[in-house]
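These notes concern the structure reproduced below.
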Amino acid sequence: MYFVSACLVGENCRYDGNNSYSKRVTEFLSDKEYIAMCPEELGGLTTPRAPSSFIGGTGEDVLLGSAKIIDADKKERTREFIKGAERSLSAIRERGITHAILKERSPSCGVREVYLKGKRVEGMGVTAALFTRESIVILSDEEI
Ligand code: SF4
């Protein structure tokens with residue numbers, strides 16, 4: 001069974017109220033069991049919501065307490081992002097899931113790259129970083 005970023009399978013949970021539907025990911029999952037969740041919604045953020053970005057580091061640094069997340073309205077959202085990652089991890093643990101497919105470059109789900117001060121940089125989103133710390137195998141939607 002897989003955990004998948006809900007926007008990849010068509011749920012309108014992105015910050016702008018749209019989805020990031022991926023035919024490739026949906027076809028890959030067509031003969032597999034999976035759960036589709038949005039860490040940012042699990043963390044209590046609304047949809048639509050102001051887009052968020054990292055300050056001072058990426059997802060790993062947020063977990064270490066040395067970076068934070070601010071949204072476009074200048075509200076700090078670090079707590080919500082961490083809560084969403086923790087709730088996603090709980091959902092995975094409850095079901096014995098070992099693999100996740102996550103949306104590249106999201107501040108929650110990015111696997112190899114995220115945005116820092118508007119620039120693409122190497123690093124993970126907060127949920128991806130927590131999954132990695134907990135030895136979940138994470139795949140970017142772009143490598144499916
Ligand atoms: Fe998609 Fe993840 Fe962003 Fe939710 S947090 S909209 S699942 S990329």
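It should be emphasised that the depicted structure is a prediction, and the values quoted were computed from it without experimental measurement. In each ligand, atom 1 is the first atom listed, and ligand 1 is the first ligand listed.
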- side chain to side chain contact (heavy atoms under 4.5 Å, CB included) evaluation trace for Ile144 with Ile101: CA-CA 8 Å; Ile144 295 295; Ile101 302 170; 3.9 Å; yes

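Sorted by chain and number, the protein atoms of type N, O or S within less than 2.8 Å of atom 4 (Fe) of ligand 1 are Cys38 SG.
A donor-acceptor distance shorter than 3.5 angstrom exists from the side chain of Thr78 to the backbone of Ile69, with no hydrogens or angles considered. Between the side chain of Arg87 and the backbone N or O of Leu42 there is at least one donor-acceptor pair closer than 3.5 Å.
No more than 12 heavy atoms of other residues, nucleotides or ligands sit less than 6.0 Å from atom CD of Glu33.
Contacts of Arg49 with ligand 1, taken as heavy-atom pairs under 4.0 Å, involve the side chain alone.
Among Lys119, Lys103, Arg105, the one residue that satisfies the salt bridge (charged side-chain N to carboxylate O under 4.0 Å, His left out) test with Glu113 is Arg105.
At least one test fails for Lys117 against the ring of Tyr115: distance under 6.0 Å to the centre or angle within 45° of the axis.
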